[in-house]
Protein chains: 2
Amino acid sequence: MATNAILYHAGCSVCLDAEQHLAQALDRDRYALEIVHLGESRDLVDQAARAGVKSVPALVLDGAVYHINYGADLSALR
Amino acid sequence: MATNAILYHAGCSVCLDAEQHLAQALDRDRYALEIVHLGESRDLVDQAARAGVKSVPALVLDGAVYHINYGADLSALR
């Protein structure tokens, strides 16, 4: 069964690059990739915070959070 | 042909987690993964700096640099 991978982003250029490049480089046979745009889905900001996300873009892989470069603080999206 | 992916790290716990988790999640059919331990290969610190790496762990994917969480500044490894 594929492991969940969630990329949280906010539409910024750093975010889009991470989405289009790094997230797409994951092995899709092993990871089910979900892309969450927190600017458009603000109700999911709390879910991201609970997962440990502090800034975007961030990739949550099997429960572990990887902050990738730096686009914006999560607090700026509330 | 596989694209080059280089993970620069320095043996720290943040680095090792990124290596064992995120880097291993890449699609190995499309990416040829190279792991560079800058603590053990200090002659490669300049190569990392030229690629745009500012801190470790960092993943250089097809020429683009993704700093993943934060382990140590590159300057601390010189």
Subject >> Proximity breakdown for Val14(B) and chain A, heavy-atom pairs closer than 4.5 Å >> reply: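 Contact with chain A: none, neither part.
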Say whether [X] and [Y] are linked into one hydrophobic cluster, either directly or through other cluster members, by side-chain heavy-atom distances under 4.5 angstrom.
X: Val56(A); Y: Leu7(A); value: no
X: Val36(A); Y: Tyr31(A); value: no
X: Leu33(A); Y: Leu22(A); value: yes

**OP:** Using side-chain hydrogen bond (donor to acceptor under 3.5 Å, both in side chains) as the criterion, list what pairs up with Asn4(A), not counting sequence neighbours.
**Re:**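 side-chain hydrogen bond (donor to acceptor under 3.5 Å, both in side chains) list for Asn4(A), sorted by chain: empty.
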**OP:** Against chain A, work out which of Val65(B), Leu61(B), Leu59(B) has the most heavy-atom pairs shorter than 4.5 Å and name it.
**Re:**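 Among Val65(B), Leu61(B), Leu59(B), the one with the most close pairs to chain A is Leu61(B).
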**OP:** Could you tell me which non-hydrogen atom of Gln24(A) sits nearest to which non-hydrogen atom of Arg30(B), and how far apart they are?
**Re:**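 That would be O-NH2, 2.7 Å.
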Subject >> Which portion of Asp29(A) sits near chain B, non-hydrogen atoms under 4.5 angstrom >> reply: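 Nothing of Asp29(A), per the 4.5 Å heavy-atom cut-off to chain B.
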Original post:
Which value, rounded to the nearest 0.5 Å, describes the distance between Leu26(A) atom CG and Leu26(B) atom CG?
Top reply: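 Going from the CG atom of Leu26(A) to the CG atom of Leu26(B) covers 6.5 Å.
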Original post:
If contact means a heavy atom pair closer than 4.5 Å, which residues of residues 66-78 of chain A contact chain B?
Top reply: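 Answer by number: Tyr66(A), His67(A), Ile68(A), Asn69(A).
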